[in-house]
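Below you'll find the structure, written out as structure tokens, and then a few comments.
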Amino acid sequence: MTRWYGKFFGLIAGWMLLRHPAGGLVGLLVGHAFDADWFKSPADNPYRVFGLAEDASDAELDLAYRRLISQYHPDRLAGAAPELQRQAEAKAREINTAYDSIKELRRK
């Protein structure tokens, strides 16, 4: 389901702020931009962490998750320098967060 409320509120806000029918069109365009995530950073895409497209299957996602988490798990670097352990913990946290957010998106 696509979002529509940005367009609606953009139309109303543009009409009220600019007091002209063209203001409604400007607001509609801005609302569409928000609905289409034009202003969203590419870093916000959880699929980027795994190097997968959004149409990847659950099996591909699970395989990529297991591969990355086994590579970056902090327990693999138990005797390493503290800086490397902190980096591994941060990367594992990023992988787990991305995996959880993808699973939550797919549940909807």
Side-chain angles (χ1 to χ4, degrees):
M1 177 191 251
T2 59
R3 294 184 296 194
W4 56 270
Y5 44 86
K7 295 175 192 72
F8 175 73
F9 290 121
L11 176 73
I12 300 300
W15 187 280
M16 290 174 62
L17 289 173
L18 298 178
R19 305 272 189 216
H20 191 272
L25 293 177
V26 170
L28 185 67
L29 179 64
V30 171
H32 173 72
F34 276 105
D35 285 345
D37 290 331
W38 290 357
F39 302 113
K40 198 170 193 180
S41 169
D44 293 338
N45 185 1
Y47 292 95
R48 167 193 61 80
V49 174
F50 301 108
L52 298 173
E54 291 185 16
D55 59 349
S57 68
D58 286 339
E60 291 173 327
L61 177 65
D62 290 340
L63 183 66
Y65 172 75
R66 282 192 212 104
R67 179 179 48 82
L68 283 175
I69 204 67
S70 68
Q71 182 179 357
Y72 290 104
H73 199 279
D75 290 345
R76 290 197 60 180
L77 300 172
E83 179 61 31
L84 288 176
Q85 289 178 346
R86 282 193 294 276
Q87 288 176 355
E89 288 171 1
K91 185 66 174 178
R93 212 173 9 257
E94 179 185 12
I95 292 167
N96 285 326
T97 302
Y99 185 75
D100 291 342
S101 64
I102 290 173
K103 286 297 186 178
E104 185 66 30
L105 286 171
R106 290 186 176 195
R107 227 178 283 151
K108 291 182 181 178

I'd like to know if Glu83 pairs up with Arg86 as an ion pair, taking the criterion as any Lys NZ or Arg NE/NH1/NH2 lying under 4.0 Å from an Asp or Glu carboxylate oxygen.
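Here Glu83 pairs with Arg86 in a salt bridge, since their nearest N and O are under 4.0 Å apart.
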
What I'd like to find out is whether the side chain of Asp58 reaches to under 4.5 Å of the side chain of Arg106, using heavy atoms alone.
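Heavy-atom side-chain distance check passes, below 4.5 Å.
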
Side chains of Val49 and Tyr99, heavy atoms from C-beta outward: is any pair under 4.5 Å?
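In short, these two side chains do not touch, never coming nearer than 4.5 Å.
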
Treating Gln85 as the side-chain partner and Leu77 as the backbone partner, does any N or O pair qualify as donor plus acceptor under 3.5 Å?
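It does hold such a pair.
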
Rounded distance (nearest 0.5 Å) linking atom [atom1] of [X] with atom [atom2] of [Y]:
X     : Y     : atom1 : atom2 : result
Leu61 : Arg66 : CG    : CZ    : 9.5 Å
Arg76 : Ile69 : CZ    : CD1   : 11.5 Å
Asp75 : Glu89 : CG    : CD    : 9.0 Å

In terms of hydrophobic clustering (I, L, V, M, F, W, Y; side-chain heavy atoms under 4.5 Å; direct or indirect links), are Leu63 and Ile102 co-clustered?
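No, separate clusters.
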
When hydrophobic residues are tied together by side-chain contacts of less than 4.5 Å, even through go-betweens, does Phe50 share a cluster with Leu105?
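The answer is no; the residues belong to distinct hydrophobic clusters.
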
Taking all non-hydrogen atoms of both residues into account, name the closest pair between Tyr65 and Asn96 and its distance.
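Smallest interatomic distance, heavy atoms only, reads OH-OD1, 2.7 Å.
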
